[in-house]
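Step one of this worksheet: look at the structure below.
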Amino acid sequence: MKEKLVLVGNGMAGVRTLEELLKIRSDSYEISVFGAEPYGNYNRILLSPVLAGDKTIDEIMLNDEQWYRDNEINLYKGRRVVEIDRAHRKVIAEDGTSVGYDRLVIATGSNPFIIPVPGSELPGVIAFRDIRDVDLMLDASRHHKKAVVIGGGLLGLEAANGLMKRGMEVTVVHLLDTLMERQLDKPAADLLKASLQERGLNLLMERQTESILGNDRVSAVRFSDGSEIEADIVVMGVGIKPNVDLARSAGLYCDRGIIVNDTLQTFDPRIYAVGECAQHRGTTYGLVAPLFDQARVCANHLAQLGYARYEGSVTSTKLKVTGIDLFSAGEFNEAEGDEAMVLQDPAAGTYKKLVIRDNRVKGAVLYGDTIDGSWYFQLMREGTAIADIRRTILFGQHDLGDAGHGDETRVNALSNDSEICGCNGICKGEIVQAITSKGLFTLEEVRAHTKASSSCGSCTGLVEALLSSTVGEGYDATPSKKPICACTEYSHDDVIAAIKTNRLKSMEVVREFLEWKSPDGCHVCRPALNYYLLAYWPGEYQDDAQSRFINERAHGNIQKDGSYSVVPRMFGGLCTPDELRAIADVADKYSVPEMKVTGGQRIDLFGVNKEDLPGVWKDLSKAGFISGHAYGKALRTVKTCAGKTWCRFGTQNSTGLGVQLEKLTWGSWMPHKFKLAVSGCPRNCAEATIKDFGVVCVDSGYELHIGGNGGIKVRVTDLLTRVETEEEVLEYCGAFIQLYREEAHYLERTAPWVERVSLSYIKGRILDDVEGRKALYSRFRYSQQFAQVDPWKERAEGGERNEFTPLRFAG
Amino acid sequence: MTEWTEITKLDQIPRLGSRVLKAGGVDIAIFRTAKDTVFALKDQCPHKQGPLSQGIVHGTSVTCPLHNWKIDLASGEAQGPDKGCTNVYPVKVEGDSVYLALSADEVAA
Ligand code: SRM
Ligand SMILES: Cc1cc2nc3c(=O)[nH]c(=O)nc-3n(C[C@H](O)[C@H](O)[C@H](O)COP(=O)(O)OP(=O)(O)OC[C@H]3O[C@@H](n4cnc5c(N)ncnc54)[C@H](O)[C@@H]3O)c2cc1C
Ligand code: SF4
Ligand code: FES
């Protein structure tokens, strides 16, 4: 017999919990759902666009009734639960329906707060919470003219905007002199006020409602100063109150909300509470992002995995009024000792403020230009030290070197047919359409459904901005802890720490120790685990070919037609006539369709059949070539310039140093690809300042540069230090690589890694800690013993034969 | 008539890996899972004909190496929001041998 699970409250948090549960374990319970509203589950957030006429009710349905049938869930819609009989473990609805439970989830949300003034019960006084309220408002807008909205917060302003768009004359009444005072500081609120007034909204600030007047329906609102204003409808947008009546009457411990622990259990462990009705560590939430976090943890516990914990959420806010870009997060009014950084451009109508405490972002308010909201939010949640980026932080992440999309920062201003994802040709309209019609909330979901941002990722920022402007703060840009993939709850850092501290030495052991959800892992986590194990246990861990992406397994880049490319290593870009002849001979012998000089100063042979690879390698190997690892998360190329030997400006032997560096570093597996360059003087012909590690020779020695990237997001390197000898260059380079190998996340290039951990941190490890640097360097050289084996030669001599030999059908 | 033909020994296919079988005009990918179940699919992804044999095998799926579509080994269907299907061929393991059933016109295809 399956256990019985009952959900009371068919809203966003409750149903999300069921979805998360079904994802992990689809057959563990017989599930029943009670909902007071007569619908399936819909996206409450999008009621505002429905009111404004930008969306229809059908477009905001998240799970229609078919979904419940498909998942064998009994849906009791339009039935309010009035009693929880804990002694007999059953719930009883208004109409007498009674269903027993083994476990119960309460997700009853909130009730809108109606200020208890005389007249508040009159017809024409409407809240803004559910579809019924929206219907009432739409109906009123067809028959009446004047609307008064009480409350100048998020909810009130979205209601006012909608009613205005429906042709009503709208006045917003606010108690204070600052709109959205819980999200905005005074300057931002003033900007917002001005632009709302420009759109035709009337604002009455600092008015306290005393009573609502009218005989059989509302006719006016009177304020405490004696003034009155006419009204055909009055919308209450003053706030919400967690809906705890049912829980309280069942004897569950409640304060403002239903008290829950870190696994979302109430004081009765069979009963969980999630969503706006729950109070966790003293906090109740009124936004969906934290509720979704709760849903995930609650589902984990319901599925009897029980290792996920909810530790509270940091939230951010956006206003869903088309054309107004506003973002707010954290503590946006500075306390004593805090610093406020402000950037204001009145002509452009933009305002940005960051509150900084102890070198960390504590809060942000953005108005007019919100593209960096998710970045500041991330810095805030991750507690990133900002000293290194302080000078430019207000200009945004873009200014750190994201040249990818230039000034296309205001996604709202883009037309529906502007292309967002250049790799897959996806336009803004398609993405917005998918987000709303399929009810998408996360970047991953958008990637899966539209393919946007799923290839090179350079449009990720734009897609994130579209998500947040479409679904508001329901979109959770930067989960505080991002799991490696769907197979686990653990992040890269968790896994790295577990491997190190518990001395885990095989993939099976890691997956078992960390309770992986799928026994073999997947194409995302397997290559990552394989890398971490190789990096931590050099000489001990046996590489797993089946956990490598095909390029690394076949030691060539797979092409769109299934053939492979071959790029032999040319140390420092140097070559001899004999070597060039050997390459030419190979190309002739195997009828290579195309040859090309690469951007990495060597030669690429395109279109080689997989079966021919070992033969090609054998010939190259005879001529002294080894693999160029052009396919690997490994050392790629060391670009060099002419240098002192020939160039009239050269200060040092840049070619020779490049060759030495390449001899030192080739073969090493890394979190991502790694590129080096050595330029002979500051003219920098080898483009050393966009490499992972770049050396610029100067008269007095060598400048060492780190964390550059010439790819999707161009990033110029940071200067690490200057050294005097070639030996030092090698030592610092090896130490830097080893630090990167040990601490970066798999598939994180040095550029984002340096930004994440900060330049100061790296300087601390490589410059200040001399012993540490030497130890890193010696660990690097130790691991190179096992890594510097030419994979091509091994295979040319018959290794991994099965990989390259097809079976033949004789039958 | 289709007949079972021995194509290889089980240990010639890596666990969580595959081999390509050249059968006349078609390439067939022969997969082996962690639990030693064997599947055979036409070696062409329904998306843009990527060689599925070169993908990473996990559970009873393979992830295409070109653009990461996930294909179910048993049905040949793309999973998740992606739509498409590739041919499935009957295979079986008896003792340590792997057999495939293929009709004459499939080989000619
Ligand atoms: C062959 C080459 C183009 C050429 O003909 O010049 C090339 C070809 C590819 N590059 Fe590149 N890149 C090549 C130089 C570069 C350079 C220039 C350089 O190294 O100076 C860059 C910018 C510099 C940099 O990386 O910072 C470059 C930035 C990228 C990126 C973006 C990386 C980033 O961090 O933003 C990718 C995508 C990725 O790695 O995820 C990429 C990926 C690729 C892949 C591997 C795409 C793929 O996954 O299949 C291409 C393989 C083609 C093939 O079938 O062989 N390639 N690629 C160059 C090989 C150099 C070599 O000798 O090994
Ligand atoms: C107009 C509007 C705009 C919003 N905009 C945003 C936004 O931009 N971003 C954001 O993050 N959040 C926004 N929110 C808030 C967000 O919608 C809520 O935080 C979220 O819906 C709360 O989810 P919940 O499951 O806790 O409650 P709800 O979604 O309210 O679900 C509770 C459900 O339980 C039912 N119920 C209650 N009692 C019983 C009972 N006894 N028996 C049976 N059923 C019962 C209710 O009818 C309701 O359907 C907005 C809210 C509104 C109203
Ligand atoms: S070689 Fe590089 S730039 Fe050219 S298409 Fe391939 S990935 Fe893009
Ligand atoms: S060809 Fe397989 S995913 Fe594109």
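The sequence lines fix the lettering, A, B, ..., with proteins before strands; numbering per chain opens at 1. Note that the structure is a prediction, hence the values are computed from the model and not measured.
Here the shortest heavy-atom pairing between A:E803 and B:Q54 reads OE2-OE1, 4.3 Å. B:I7 and A:L807 get closest at one heavy-atom pair: O-CD2, 4.3 Å. Annotation for B:G59 and A:D520: closest pair N-OD2, 2.7 Å, computed over non-hydrogen atoms. A pairwise comparison of heavy atoms in A:P806 and B:K22 identifies CB-CG, 3.8 Å as the closest pair. Across B:V57 and A:R526, no two heavy atoms sit closer than the pair O-NH1, 2.8 Å. Of all the heavy atoms in B:P65 and A:I550, the pair that sits closest is CB-CG2, 3.5 Å.
With a threshold of 4.5 angstrom between heavy atoms, B:D27 does not approach chain A through any atom at all. Using a 4.5 Å cut-off between heavy atoms, A:K438 does not touch chain B at all. Heavy atoms of A:E800 lying under 4.5 Å from chain B are absent altogether. Contacts of B:L16 with chain A are made by both backbone and side-chain atoms, with heavy-atom separations under 4.5 Å. Looking at B:P51, only its side chain comes within 4.5 Å of chain A, counting heavy atoms on both sides. Interface remark: A:R801 contributes no atoms to any contact with chain B (heavy atom separation under 4.5 Å). With a threshold of 4.5 angstrom between heavy atoms, B:Q49 does not approach chain A through any atom at all. Using a 4.5 Å cut-off between heavy atoms, A:S547 touches chain B through its backbone atoms (N, CA, C, O) alone. Proximity to chain A (any heavy atom under 4.5 Å) is shown, for B:V62, by neither the backbone nor the side chain.
Chosen from A:G562, A:P519, A:C522, the residue pairing most often with chain B at heavy-atom distances under 4.5 Å is A:C522.
In this structure, the side chain of B:R15 does not engage the main chain of A:Q546 through any donor-acceptor pair within 3.5 Å.
For CD of A:E512, the number of neighbouring non-hydrogen atoms (other residues, nucleotides, ligands) closer than 6.0 Å is 12 at most. The 12-atom threshold is exceeded at NZ of B:K92, counting heavy atoms of other residues, nucleotides or ligands nearer than 6.0 Å. For B:Q79, the CD atom sits in a packed shell: over 12 heavy atoms of surrounding residues, nucleotides or ligands are nearer than 6.0 Å.
Under the 4.5 Å side-chain criterion, counting only non-hydrogen atoms from C-beta, B:L100 is in contact with A:F809.
Taking CG of B:N68 as the reference point, atom CZ of A:F549 lies at 7.0 Å (rounded to 0.5 Å).
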